[in-house]
Every structure is written in C-alpha cells, then in structure tokens.
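Everything quoted here is computed from the prediction, not taken from an experiment. Start at 1 with the first residue, then count along the sequence.
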Amino acid sequence: MSMYGRDPWGGSLEINAADSATDDDRSRNLNDLDRAALSRPLDETQQSWLLGPAEQKKKKKYVDLGCIIVSRKIFVWTVGSIVAAALLVGLITVIVEAVPRHRHNHTPADNYTLALHKALMFFNAQKSGKLPKHNNVSWRGSSCLSDGKGKQGSFYKDLVGGYYDAGDAIKFHFPASFAMTMLSWSVIEYSAKYEAAGELNHVKEIIKWGADYFLKTFNSSSDTINTMVAQVGTGDTSGGSTTPNDHYCWMRPEDIDYERLVTECSHCSDLAAEMAAALASASIVFKDNKAYSQKLVHGARTLFQFARDQRGRYSERGSEAAIFYNSTSYWDEFVWGGAWLYYATGNNSYLQLATNPGIAKHAGAFWGGPDYGVLSWDNKLAGTQLLLSRLRLFLSPGYPYEEILRTFHNQTSIIMCSYLPIFTKFNRTRGGLIELNHGRPQPLQYVVNAAFLATLYSDYLEAADTPGWYCGPNFYSTDVLRDFAKTQIDYILGKNPRKMSYVVGFGNHYPKHVHHRGASIPKNKIRYNCKGGWKWRDTTKPNPNTLVGAMVAGPDRHDGFRDVRTNYNYTEPTIAGNAGLVAALVALSGDKTTGIDKNTIFSAVPPMFPTPPPPPAPWRP
C-alpha cells in the first residue's frame, strides 16, 4: 500500500509501508540521495522541523591519554590530587624556609666528650718543627727547625718535628713513645667513639705527627741498626751551670737560639722496644694506608730486633735521662713491644716472646710489689697483661699459650680488684683520689692510666658477654669498674674539695699559672732571650696564653694544690699524662652501648687452630 502526500519543498512524498525497512537499509538509502540537494542551506524553522529539537551533547565518560584510556572521574581526581599535593609541599617549604633553623642534638655532649676535645688540643700546642697551616693554637709557631742538622756522617738527616715533652722544649723519646702507643691503643679500641665526637681525624693526625718523627730517630730503611737517638735538647742545671739549655733558659720555643744537643744510645732496649710498640700500634691505626702501615711495621721490627740484640737501659751509664725519665727495667717493654708486634704482624714468634714465662718473671709479673698494677711511662706490665688478656677473651688460642694467658688474665682481675675502694692496696685522699704513686708528687698521670685500663677491661668483659669478675669469693659487675673510672676522672674535671678542674680550659676554675714556657710568655713581637723570659716565669700574673686541654701534675695527698708557675710538681703538664687522659676520656665518652671494636686489632692475626698438646708417654707395664 502506498500513500502520497505533498512535499512542501516540491515533488511528491511517498511513504511506502512495505518499504519501511531496517535502519541499515535507510542508512544505505541516504547514501543515494543527491548530495547537491543536501548542500542547500536550511533556515532555522526547516532545521527544527526536520531534525527536531537539538540534542545536548553528552560528556564523554572516558579520557583518551593516547597510550591508555582512563575514567574521566579518576583522571580529574588524580590531577586534582597532584595539584593539591604540590601546593601543600610548596606551602610547607615556604614555612620551613621562613622559620629560623635550630640544631637539635638528641643527646647533648657529656663532660667526657667536651674534655676530650680540649685534651687533644694540648698536643697541637706541644708540636715542634714546621707547624701545619691549621694547627689552631694562635700563640704557637714553627720552632727548632735546626734540630739534628749539620752533623756529618750521622744516620739521620734532621730531627725536626715531634713533640716537646712538657713545659720545656726537650724531646724525650722514651715517654713520647709511650704517649703515642697509648693514643694508638685508644683509637684501635674506640674509633667509633672518636668518630662520634668528631675527633678521629684529629687524633690520627696527632699520632702520625709523632710516628713520622720517630722514623727519623734511627735508620728506618735498614733491617738492622746499632744506635738510635734518645733525646733532643738538654735540661741538666746541676752544679749551678749557667750554660744556656732548655731548663736554664725560659724562652718561647720559637725564639730558641742556643745549640740543642742530640743524645744517642747504642744499648737502649727499653727505649727501642717502646718505640717499636708505638710504631706497631700506629701501623694498626693506619692499616688502610697499606704503604705507610708497612713502613711503620718495618721500623718496629728493626727497633725490636735492636732492643733484643744490644741489651741495656737507655738511662744508665750516667745519662741525663736518669734525672728526668729513669727507666727501671727493659723486660716489661719486651713483653709490651712483643705483644704489639704480634698484633701488627700476626707473626707467632712475637707472641711466643710476649708469653715467655721467663721474660714475664723478669718483668715482675709474679712478685707483685707496691707499684704492681700501676701503668706508667716507665712500667708497661699492667697494660701488657690486659692487652694479652684480650687475646684470651676473644680468640682463645689454646695450647701452648693458654697457661700464661690465663695467668695474665687472673693478674688483670687482681689489679682491677686493687683499684676498688673496698680493698686497701692503694690509699685515697679525703676527696677520693686514688694514690697510685703512694702520695708522691704528680699523681694524675697514673690515675688516668688506671681509669683507662678499668674502663677498657669493663668493655672487654661486656663484649665477651661476661657480666663481671671475681675478687676472691665476691663477684663484682662491670659497672663497678666503670664507676671507679668515672669517680677518678670526675675528680680531675672538678669534682674535688677545691672545686678545681685540673684540665686547663675545662670548667670555670682551672690553673692559670701553668708551668709552660710558651704559654707564660706573651706573643707580642718581642723576642725574650734566655734570661729575658725569667720575668714571665716569676710573675704572679696569670699566663697570657691558655694552654687548652693540658692536664697539670695534680694535687698533693691532702687534696691541696698550689697554682704557682715555678712549682712544676703541681702545675706542669706532660704529653705522657695527657695521652692517658685522652684514652680515659674517650673510653668513658658517649653511649656505653657503643663499646669496643673487637676485631680491628686482630686484622693481621691469622686464623688460630690450637696446637694439640703432646701425647702422653707410651704406657709401660
């Protein structure tokens, strides 16, 4: 059936019911329309009649990002979040930049760390020779640049450098070697604590300054030697001598113009073995610098062989050293030097020597005495016993060393017992200072060494998971040792009847008249000659220069102290004393849980496989 209607545009409009095909057919039919007819513009009415009301364009639900299609809603949320986060970060940044910055130290530095900074500075003030650019002691300059020069045929080119011993300008190599050994020992055990205090590089530089100088005092490139230098400068004023020397004159080291004598020795087992210990221990400190470390080890081997081959005390035969630093024996240095060379090389021959019962007996390990357990520049036995107890605690080498190592370990325990107030081996002052030198002058150098040994032994036991040790039938915890060390160091830092800090520059009340030439003479571009400086020695005015970190000789047995420059028994510091102070301070500083470095000292020691004991004699019926 067909219907015909009038087309308002002209022509007929045919609606064929039978022809109402599918949408696909209609689409195909549209393609047959005259394209020209569709190209005529339609007015608004025609468009609305034909097309009906305009349909609002629907928003797309997805966003095409090219490589991925995402939901529009998710896209908007994501972009919005990024923008909001950027704005928030910017705002926080602006606020942080605007607010003044403050450093927050979670744990403020303790007194031991503060004192450590100062105690190390004393070594900067004691340097001889051409000073480094950043020595940080404004009133010191290069000095004694002609030491050891000009002697024809000598085994040394010059002896410039090193450290002045105390308040004078003499370089005593025996106590100086002990000082460097103590500093190296403290670095080997407590490098993490030095690092935490920001002083590791500083103390290593101090040790290197000493070690480099020691290498000048003998033919360090040779495998064998027959002489070495024991001392530079002189100080003997006995018999009323007015010859200018380092004790008769009172001059700044920078102004010294008199001849400085060099003392050599060919039979000085104590000095050579002590210097060998200093170089061997320093080689462990500098083990990461292989070439330098090997150089130090070579020097140590040469010195120790010299000590063993040409026996004798360096201070005998009327030498000046007997007046100031007399050595009572060289056997303790044999054990001490042998132990350090074993740790530095891993060579068992050194361990065999250090654990030889005969040498230990000569060193006094079995007979005690009033000074037994007192570590000093003269006697190293107490330090050696602890150093070898370490080997037993952590490596347990077994036969054939076990018996003597167990003896050293037991002796160390007894020494630690003797430090405790409950035992009466050593008296104490009313203020609590232990009298390790039995009331004689200059006590503090011995006290700081004992404080170091006690803290170190406590840390050894902690590292070995041992809570304490026995004194007879009584058991004491490691805290008891640490408390002993703290009370002694606290006394030195000002907790004493006089409320006096015996470390210059620490606290508000410390010695102002230190027996020290450089500190007592102003740096005012005036050169004071040998006698010209006497007025600065004798004046009652405080020193114009502060000798920061110097630990003076200390109080008397009644806790009394005279801050008088001319009385060296009260007011003179030494590098050997300060080395013990530095060691004790670093051991007590910081967090107790840091503890020791168990393994570094064993770096050169080969793996230990204990030698089995000899089999029993064959059975005979």
Side-chain angles (χ1 to χ4, degrees), residues 120 122-132 135 137 140-151 154-166 168-184 187 202-222 225 227-234 246 253-254 256 260-265 268 271-283 285-286 289 291-293 295-300 302-304 306 314 321 325 337 340 377 518 574-576 578-579 582:
L120 286 167
F122 173 69
F123 289 91
N124 292 47
Q126 294 301 104
K127 285 181 179 176
S128 177
K130 177 71 174 175
L131 296 188
N135 194 49
V137 181
R140 279 301 323 277
S142 298
S143 60
C144 296
L145 300 179
S146 298
D147 279 358
K149 291 183 177 179
K151 186 176 178 181
S154 64
F155 57 88
Y156 51 85
K157 293 180 180 179
D158 69 77
L159 296 168
V160 177
Y163 291 98
Y164 300 127
D165 172 65
D168 49 36
I170 303 177
K171 294 186 282 194
F172 291 108
H173 299 167
F174 188 51
S177 296
F178 173 71
M180 293 302 108
T181 308
M182 288 293 285
L183 290 180
S184 291
V187 172
H202 185 194
V203 70
K204 288 174 72 172
E205 185 273 327
I206 290 170
I207 294 167
K208 190 174 188 301
W209 186 270
D212 287 347
Y213 174 73
F214 292 153
L215 292 172
K216 293 183 173 185
T217 64
F218 65 101
N219 187 355
S220 59
S221 62
S222 175
I225 59 174
T227 188
M228 66 181 298
V229 177
Q231 178 180 325
V232 177
T234 55
D246 295 290
E254 294 81 357
I256 288 175
R260 284 164 59 79
L261 297 179
V262 174
T263 303
E264 298 179 14
C265 64
C268 36
L271 169 61
E274 179 55 63
M275 193 177 288
L279 296 181
S281 56
S283 75
V285 171
F286 294 102
N289 184 344
Y292 184 63
S293 181
K295 185 178 182 181
L296 296 174
V297 168
H298 181 268
T302 300
L303 283 168
F304 198 71
F306 168 59
Y314 93 110
Y325 286 102
W340 278 115
W377 52 263
T574 66
I575 57 173
N578 252 71
V582 166

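When side chains are defined from C-beta on, Tyr156 counts as touching Val229, because their heavy atoms get closer than 4.5 Å. Contact check for Leu303 versus Ile225: side-chain heavy atoms found under the 4.5 Å cut-off. Side-chain contact between Phe172 and Pro175: present, with at least one pair of heavy atoms (C-beta onward) separated by less than 4.5 Å. Contact annotation: the side chain of Leu279 never approaches that of Val297 to less than 4.5 Å [non-hydrogen atoms, C-beta and beyond]. No side-chain heavy atom of Val232 sits under 4.5 Å from any side-chain heavy atom of Ile170. The shortest distance between side-chain heavy atoms of Asp158 and Leu145 does not fall below 4.5 Å.
Ser128 pairs by the side-chain contact (heavy atoms from CB on, under 4.5 Å) definition with Ser143, Cys144, Asp147, Tyr164, Lys171, not counting sequence neighbours. When the side chain to side chain donor-acceptor pair (under 3.5 Å) test is applied to Lys295, no partner is found at least two apart in sequence or on another chain. Checked against side chain to side chain donor-acceptor pair (under 3.5 Å), Ser221 has the following partners two or more places apart in sequence or in another chain: Asn219. Legend: residues meeting side chain to side chain donor-acceptor pair (under 3.5 Å) with Asp246, ordered by chain and number and at least two apart, are Tyr258, Arg260. Not counting sequence neighbours, the partners of His202 by the side chain to side chain donor-acceptor pair (under 3.5 Å) test are Asn124, Glu199. With sequence neighbours excluded, the residues satisfying side-chain contact (heavy atoms from CB on, under 4.5 Å) with Thr263 are Gln231. Remark: Phe122 engages no residue in a ring-ring contact (aromatic ring centres under 6.0 Å, His included) (not counting sequence neighbours). By the ring-ring contact (aromatic ring centres under 6.0 Å, His included) test, Phe174 pairs with Tyr314, sequence neighbours left out. Residues meeting the side-chain contact (heavy atoms from CB on, under 4.5 Å) test with Ala176, sequence neighbours left out: Phe214, Ile575. Remark: Phe155 engages no residue in a ring-ring contact (aromatic ring centres under 6.0 Å, His included) (not counting sequence neighbours). Lys204 is linked by a salt bridge (charged side-chain N to carboxylate O under 4.0 Å, His left out) to nothing, counting only residues two or more places apart in sequence or in another chain.
In terms of heavy atoms, Val160 sits closest to Lys130 at CG1-N, 4.3 Å. Of all heavy-atom pairs between Ala278 and Ser177, the closest is CB-O, 3.5 Å. Counting all heavy atoms, side chain and backbone alike, Cys265 lies closest to Phe306 at O-CZ, 4.1 Å. Here the closest heavy-atom approach between residue Asp212 and residue Tyr292 is recorded as OD1-OH, 2.6 Å. Residue Tyr325 comes nearest to Asp165 through the heavy atom pair OH-OD2, 2.8 Å, listed as atom of the first residue, atom of the second, then distance. Across every non-hydrogen atom of Gly337 and Ala277, the tightest pair is CA-CB, 4.1 Å.
Rounding to the nearest 0.5 angstrom, the gap separating the CE atom in Met228 from the OG1 atom in Thr302 is 11.0 Å. Interatomic distance, OG of Ser142 versus NZ of Lys127, reported as 11.0 Å (0.5 Å rounding). Within the model, atoms NE2 of His173 and CE of Met275 stand 6.0 Å from one another, a figure rounded to the nearest 0.5 Å. Separating the CD1 atom in Ile256 from the CG atom in Asp168 is a distance of 9.0 Å, to the nearest 0.5 Å. Note that CG of Asn578 is 5.0 Å distant from CZ of Phe123, once rounded to the nearest 0.5 Å. Leu271 CG to Phe178 CZ: the interatomic distance, rounded to the nearest 0.5 Å, is 14.5 Å.
Ser283 places no side-chain N or O within donor-acceptor distance of the main-chain N or O of Ser293, the cut-off being under 3.5 Å.
Under the 3.5 Å distance criterion, with hydrogens and angles disregarded, a donor-acceptor pair is assigned to the side chains of Glu274 and Thr181.
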